Amino acid sequence: MTYTNRKEKIGVVVSNKMDKTVTVLVRQRIKHPVYGKYINLSRKFMAHDEENTCRIGDTISIVETRPMSRNKRWRVKEIIDHAPEAK
């Protein structure tokens, strides 16, 4: 049995112009602890895409991994939903 404490996030690919790297936008909705208002937060992560299979608009799952470059600390785990084809 393998047990890991790696973080996992779900986001949308916003850029795939680099070789074997995608930029993923992760959106989060949290409730303010005092005022109770919901706040929309977003953050971009660079993720390693070994086969260059991700396209812009794909919903993917990324998982934490060892540092691969200066900004890249995540890798693509799976593609959850493909973006619709542009016509």
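All values below were derived from every heavy atom in this structure, side-chain atoms included, with hydrogens, water molecules and symmetry-related copies excluded. Bear in mind the structure is a predicted one, so any value in this text is a computation, not a measurement.
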remark   = Of all heavy-atom pairs linking Val24 and Ala47, the shortest is CG2-CB, 4.2 Å
note = The reported gap from CE in Met46 to CZ in Arg70 (rounded to nearest 0.5 angstrom) is 10.0 Å
request  = To the nearest 0.5 Å, tell me how far Ile60 CD1 sits from His82 NE2.
outcome  = 11.0 Å
query = Minimum heavy-atom separation for Val22 to Cys54, with atom names?
reply = CG1-CB, 3.8 Å
ask   = Which pairs pass ring pair (Phe, Tyr, Trp, His ring centres under 6.0 Å) with one or both residues in residues 44-67, sequence neighbours excluded?
value = Phe45-Trp74
inquiry  = Determine whether a donor-acceptor pair (N or O, by modelled atom type, separation under 3.5 Å) exists between the side chain of Asp81 and the backbone of Thr59.
reply    = no
key: Heavy atoms from other residues, nucleotides or ligands near NZ of Lys72 exceed 12 (cutoff 6.0 Å)   = yes
inquiry  = Quick check for you: to the nearest 0.5 Å, what is the distance between Lys9 atom NZ and Arg43 atom CZ?
reply    = 7.5 Å
task = Taking the side chain as every heavy atom from C-beta outward, state whether Asp19 and Asn52 have any pair of such atoms under 4.5 Å apart.
result = yes
remark   = d(Asn40 CG, Gln28 CD) to nearest 0.5 Å is 10.0 Å
request  = For residues 13-34, pull every pair meeting ring pair (Phe, Tyr, Trp, His ring centres under 6.0 Å), keeping only residues two or more places apart or in separate chains.
outcome  = His32-Tyr35
note = Ile10 and Val26 have their tightest heavy-atom pair at O-CG1, 3.7 Å
request  = If a pair satisfies salt bridge (Lys or Arg N to Asp or Glu O under 4.0 Å) and one of its residues is in residues 44-60, list it, with sequence neighbours excluded.
outcome  = Lys20-Glu50, Arg55-Glu85
key: Gly57 versus Ala83, closest heavy-atom pair with distance   = C-CB, 3.5 Å
request  = Compare every heavy atom of Thr65 with every heavy atom of Arg6, then report the nearest pair and how far apart it is.
outcome  = NH1-OG1, 4.4 Å
remark   = Rounded to the nearest 0.5 angstrom, the CZ-CD1 distance for Arg29 and Ile39 is 10.5 Å
